[in-house]
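Read the structure below first, then the notes.
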Amino acid sequence: QPPRWTGATGQLFWGAWRIGYGLLNWSVEGTALAYAAALVLVGQTARGSRVLRPLASTGRMALTTYLTQSVVCTLLFYGYGLGLYGRFGFTGMFILTLVLFGCQMAASTWWLSRFRFGPAEWLWRTATYGSAPRMRLSDAS
C-alpha cells in the first residue's frame, strides 16, 4: 500500500513540491530572458544586425506569420489535412519548426522588400481605419 501524504510528512512533501515547481517556472522564465538578452546583444553589432534582419521582417508581419503557421500546421496534423498528428518525434517536430519558420523569414523579407505591410496586417489596418492604406512601397512616396 502506498504511503499517505498526510500530517507533517505530507506538508513537507507538498511544500517541497511547490518550491520545486516555482524554481522550474523561474528557470523557464530565466531562459527566455537569457535568449532575449542574447538577441539584443547580437543585434547591437553590425554583423549581428544583418543576421537578424529576416527575424525583424517576420516580426513586422507577426499576424500573417501566426495565421500562416496555424493554417499550415492544421493542414499537416489534423484529419481534414494529412493527419500526421503523433507521427513525428521531438526531432522531427524541431526540424519542421526550423524549416517552416525559415521559409516564413525568407517570405517575409521578400514580401516587405515590395510592400509596406503583410497581407493580414493590411486587412487589419483597413478594418481599423475604415480605408485601405497604400500597400506597395512605390505607392508610399
Side-chain angles (χ1 to χ4, degrees), residues 2-141:
R4 295 189 177 182
W5 298 103
T6 59
T9 305
Q11 289 174 352
L12 182 63
F13 171 79
W14 288 114
W17 183 86
R18 285 186 191 112
I19 291 170
Y21 184 74
L23 290 175
L24 176 67
N25 282 341
W26 172 247
S27 70
V28 170
E29 293 163 352
T31 303
L33 289 172
Y35 283 137
L39 284 173
V40 168
L41 289 173
V42 168
Q44 290 181 352
T45 65
R47 186 175 184 189
S49 178
R50 222 175 24 258
V51 169
L52 293 178
R53 195 169 297 136
L55 192 58
S57 296
T58 307
R60 285 184 52 204
M61 292 179 51
L63 181 59
T64 300
T65 300
Y66 169 75
L67 293 173
T68 303
Q69 285 176 358
S70 297
V71 169
V72 169
C73 289
T74 56
L75 288 174
L76 282 175
F77 297 115
Y78 284 10
Y80 57 81
L82 297 177
L84 297 176
Y85 181 76
R87 297 191 184 186
F88 289 101
F90 177 78
T91 305
M93 291 301 293
F94 184 68
I95 291 170
L96 175 68
T97 300
L98 291 178
V99 169
L100 178 58
F101 196 69
C103 290
Q104 287 183 305
M105 285 194 309
S108 296
T109 302
W110 177 84
W111 183 272
L112 290 175
S113 70
R114 290 156 178 76
F115 301 101
R116 296 175 64 210
F117 316 107
E121 288 76 14
W122 180 82
L123 286 171
W124 187 268
R125 287 172 187 256
T126 299
T128 300
Y129 299 127
S131 64
R134 295 182 185 142
M135 184 71 162
R136 291 193 169 271
L137 282 175
S138 58
D139 294 343
S141 54

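Please read these numbers as outputs of a predicted model, since none were measured by experiment.
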Can you list the residues that meet the side chain to side chain contact (heavy atoms under 4.5 Å, CB included) rule with Ser57, with sequence neighbours excluded?
Ser108, Thr109, Leu112

Side chains of Thr126 and Ser131, heavy atoms from C-beta outward: is any pair under 4.5 Å?
no

So how far is it from Arg60 CZ to Arg116 CZ, rounded to the nearest 0.5 Å?
9.5 Å

For Phe94, the side chain to side chain contact (heavy atoms under 4.5 Å, CB included) test, sequence neighbours excluded, returns Leu98

Holding to side chain to side chain contact (heavy atoms under 4.5 Å, CB included), I want the full list of residues that pass it with Ala56, two or more places apart in sequence or in another chain.
none

Go through the structure and list residues passing side-chain hydrogen bond (donor to acceptor under 3.5 Å, both in side chains) with Tyr129, not counting sequence neighbours.
none

Taking only residues two or more places apart in sequence or in another chain, which ones pass ring pair (Phe, Tyr, Trp, His ring centres under 6.0 Å) with Trp110?
none

Applying side-chain hydrogen bond (donor to acceptor under 3.5 Å, both in side chains), name anything that partners Thr64, two or more places apart in sequence or on another chain.
Glu121

Quick one: does Arg114's side chain get under 4.5 Å of Ser138's, heavy atoms only?
no

Smallest heavy-atom separation, Arg125 atom then Pro133 atom, equals CB-CG, 4.1 Å

Results of ring pair (Phe, Tyr, Trp, His ring centres under 6.0 Å) for Phe117 - residues two or more places apart only:
none

Residue set satisfying ring pair (Phe, Tyr, Trp, His ring centres under 6.0 Å) with Tyr85, at least two apart, ordered chain then number -> none

In a table with atom names and distances, give each donor-acceptor pair under 3.5 Å that connects a side chain of residues 39-53 to protein atoms at least two apart or in another chain.
unit_1	atom_1	unit_2	atom_2	d
Thr45	OG1	Val42	O	3.0
Thr45	OG1	Gly48	N	3.0

Taking side chain as C-beta onward, heavy atoms only, is Thr58 less than 4.5 Å from Phe101?
yes

Applying ring pair (Phe, Tyr, Trp, His ring centres under 6.0 Å) to Tyr80 and not counting sequence neighbours gives Tyr78

Mind listing the closest non-hydrogen atom pair of Phe77 and Leu96 along with its distance?
CZ-CD2, 3.5 Å

Pairing residues for Val72 by the side chain to side chain contact (heavy atoms under 4.5 Å, CB included) criterion, not counting sequence neighbours:
Thr68, Leu76, Leu100

